[in-house]
Amino acid sequence: MDAVRVLITGATGYIGGRLAPRLVEEGHHVRVVVRSPEKLRDVPWHGSVEIKRGDLTDSDSLAGVFDNIDVVYYLVHAMGGGGSFSDIDKRSAQNVAAAARDAGVRRIVYLGGLHPSDRELSTHLQSRLEVGRILLDSEVPTVVFQAGVVIGSGSASFEMVRHLTNRLPVMTTPKWVHNNIQPIAVRDVLHYLIAAAATTPEVNRAFDIGGPDVMQYGEMMNTYADVAGLVRRRILVLPVLTPRLAGHWVGLVTPIPRGLAMPLIESLQNDAVMHDHDIDDFIPPPTGGLTPYREAVRLALHKIETGEVETAWSGATIAGAPSDPLPSDPDWAGEAVYVDHRERDCAADPKTLWSVVESIGGENGWYSFPLAWAIRGWMDRAVGGVGLRRGRRDPRRLNTGEALDFWRVEEIDRGKLLRLRAEMKVPGGAWLELRVSAGPNGGSHLDQRAVFFPRGLAGRAYWYSIVPFHGVVFQGMITNITGAAEREMVAVQETAGARDSVGARDSVKAKDTESAAD
């Protein structure tokens, strides 16, 4: 496909945040419109796109945003936005349709939802269907993709499956658990979205898209359990469990808030499978074919385990959602998360402070309560973990992927960032992150963050059981690291001063010898 000028709405969302860098990689000029450009400040592709401020519900704010654009991607949806979200969706779609028409845009691409044609739809699905109709009637050629459950690290649908299956060996579910679902991998959704930009002008219609597998929702959960190494879950169907009650339950057991769980559950009241299959006549499938559900789950879990989640449902603005992802990489996939965050200024320069940070662990220790670290290592070994016995390869330098006691170096931006992923036996995922920067008044600044994702009740109990030790371990750690850097700075200065003194004395002696010789 030749390079085109693209505008993405919803770039801070799950799909839009993945589509933007891929379009950039393919050589397209990408512009994004967001209400809060600040939310894109730290994304890796920030400097590769043109960012415009605008609110789709306010037509005046869109003046000039659509100028000189070939293709518009409409990837916003007010799901979870309260009782008026359908009105917000309608107004946004009408504003985009008018702006695209007036600016001479040649193509709109919209991602909607799979739905039955002969059943009453939920408010959520009805709203998505109406948005598609508005765009199709816009006088701008439009491709509407209708997808069901999207499987990918951080997607709301996948996170709901994952957390329910991880935490509940026995599940009580509504009868929709036996409805047929045709999930699709997020990588295949992106394939179709990118390819749609090259469709011919006469194409103005909706297409169903889905993966190669059709299964019941209960089968999806048990296939996930198999891929994740869990025992098969028992599912008890309760015909009286309404979507509202189910939404409350999902909100309680998973990180997905009730306001988002409700429309997701309502969408599952009917089968969500493809009715038309002619997408291949217009857009060929990806090289190697569409991704099977089992493989999509494996890929998503790998991304989560390695901390490589690109975008998450929590990145979008959703009423009632948990707080924004942590202001650090990676986005933490919208998990229930516990954080111990401490920061401290240091008199030493950033280079000296970094040298201490990069030397932690192994024979150098962890700069805090050695007995506590030793006991934690013994406990880990007692339950089959690696303990502290692995040490480190080099006493002063770390590389990405290296083992460091019971951690592994997940990311290192030398001089700035060290992120360690725990490989100890804990009921959840744990990271330790150390960031070094210049101090506000000279010297340097250390930002220390311990992050823990609990797994089930055991994970929560584990976190709260160690909270009393944090004041000793983590406060001592940041205090001693900065203290060590300051002592090292003093030692270097004293050594340099001693060298200068010796040099001065040698210079005086040389002059005296010269005078005596004269």
Side-chain angles (χ1 to χ4, degrees), residues 14-15 18-19 22 75 109-119 125 128 132 143-162 164-165 176-199 203 205-230 232-233 235 264 267-305 309-311 313:
Y14 180 71
I15 296 293
R18 299 191 179 208
L19 179 65
R22 285 162 175 78
L75 301 174
V109 182
Y110 170 59
L111 181 61
L114 276 175
H115 60 273
S117 57
D118 57 349
R119 301 286 181 87
L125 276 180
R128 304 198 81 168
V143 168
V144 174
F145 289 122
Q146 298 175 153
V149 173
V150 176
I151 303 300
S153 58
S155 81
S157 298
F158 178 69
E159 290 302 302
M160 191 166 77
V161 170
R162 182 165 78 95
L164 286 173
T165 310
W176 52 253
V177 77
H178 292 316
N179 288 342
N180 288 323
I181 309 292
Q182 191 166 2
I184 183 170
V186 64
R187 58 174 51 195
D188 294 338
V189 173
L190 294 170
H191 164 79
Y192 285 122
L193 289 172
I194 292 171
T199 51
V203 178
R205 52 162 290 188
F207 295 93
D208 289 351
I209 58 174
D213 302 308
V214 175
M215 56 183 66
Q216 294 183 352
Y217 198 84
E219 185 182 356
M220 282 180 58
M221 289 191 284
N222 271 318
T223 300
Y224 168 86
D226 184 50
V227 175
L230 305 172
R232 187 175 180 83
R233 275 26 188 166
I235 298 175
L264 289 176
S267 300
L268 300 172
Q269 298 302 298
N270 302 300
D271 291 345
V273 298
M274 294 174 64
H275 297 285
D276 69 67
H277 296 79
D278 62 343
I279 183 64
D280 290 352
D281 297 336
F282 296 85
I283 299 177
T287 303
L290 294 167
T291 309
Y293 173 71
R294 179 177 290 270
E295 175 65 7
V297 169
R298 187 193 67 79
L299 291 169
L301 286 176
H302 176 72
K303 291 289 187 182
I304 292 169
E305 290 166 0
V309 180
E310 291 181 62
T311 59
W313 61 266

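The model shown is predicted, which means the values in this text are computed figures rather than measured ones.
- Residues Q146 and A206 approach most closely at OE1-CB, 3.9 Å, considering heavy atoms.
- Contact check for L299 versus E295: side-chain heavy atoms found under the 4.5 Å cut-off.
- Residues R298 and T291 are not in side-chain contact: their nearest non-hydrogen atoms beyond the backbone lie 4.5 Å or more apart.
- Remark: the backbone N or O of T287 is not paired with any side-chain donor or acceptor of H191 at under 3.5 angstrom.
- By the 30° and 60° cut-offs, the orientation of the rings of Y224 relative to F158 is perpendicular.
- For the pair Y293/I181, no side-chain contact is recorded, criterion being any heavy-atom separation below 4.5 Å from C-beta on.
- Side-chain atoms of R128 come within 3.5 Å of backbone atoms of L111 as a donor-acceptor pair (strictly under, hydrogens ignored).
- Inter-residue side-chain proximity for I235 and N222 is flagged as met; some heavy-atom pair is nearer than 4.5 Å.
- Distance check, rounded to the nearest 0.5 Å: OG of S155 to CZ of R18 gives 8.0 Å.
- Annotation: side chain of M220 is not in contact with side chain of D213 (no heavy-atom distance under 4.5 Å).
- Contact detail for I283 and A195: the closest heavy-atom pair is CG2-CB, 3.5 Å.
- Taking 4.5 Å as the limit, some side-chain heavy atom of I15 sits within range of a side-chain heavy atom of L190.
- Applying the ring-ring contact (aromatic ring centres under 6.0 Å, His included) test to Y110 and every residue at least two apart in sequence or in another chain returns Y74.
- Across G152 and A300, no two heavy atoms sit closer than the pair C-CB, 3.8 Å.
- The shortest side-chain heavy-atom distance between I304 and R162 falls under the 4.5 Å cut-off.
- A heavy-atom distance below 4.5 Å is not found between the side chains of I184 and I151.
- No donor-acceptor pair closer than 3.5 Å links the side chain of D271 to the backbone N or O of N179.
- P285 and D280 get closest at one heavy-atom pair: CD-OD1, 3.8 Å.
- In R294, the CZ atom is crowded: over 12 heavy atoms of neighbouring residues, nucleotides or ligands sit closer than 6.0 Å.
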Checklist entry - V109 and Y192: side chain to side chain contact (heavy atoms under 4.5 Å, CB included), yes or no, with the steps? => result CA-CA 10 Å; V109 182; Y192 285 122; over 6 Å; no
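- For R205, the side-chain contact (heavy atoms from CB on, under 4.5 Å) partners at least two apart in sequence or on another chain are V203, F207, D276, D278, F282.
- Atom CZ of residue R232 and atom CE of residue M221 lie 10.5 Å apart, to the nearest 0.5 angstrom.
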Next on the checklist: side chain to side chain contact (heavy atoms under 4.5 Å, CB included) for I209 and D188? Distances and angles first, verdict last.
Outcome noted: CA-CA 9 Å; I209 58 174; D188 294 338; over 6 Å; no
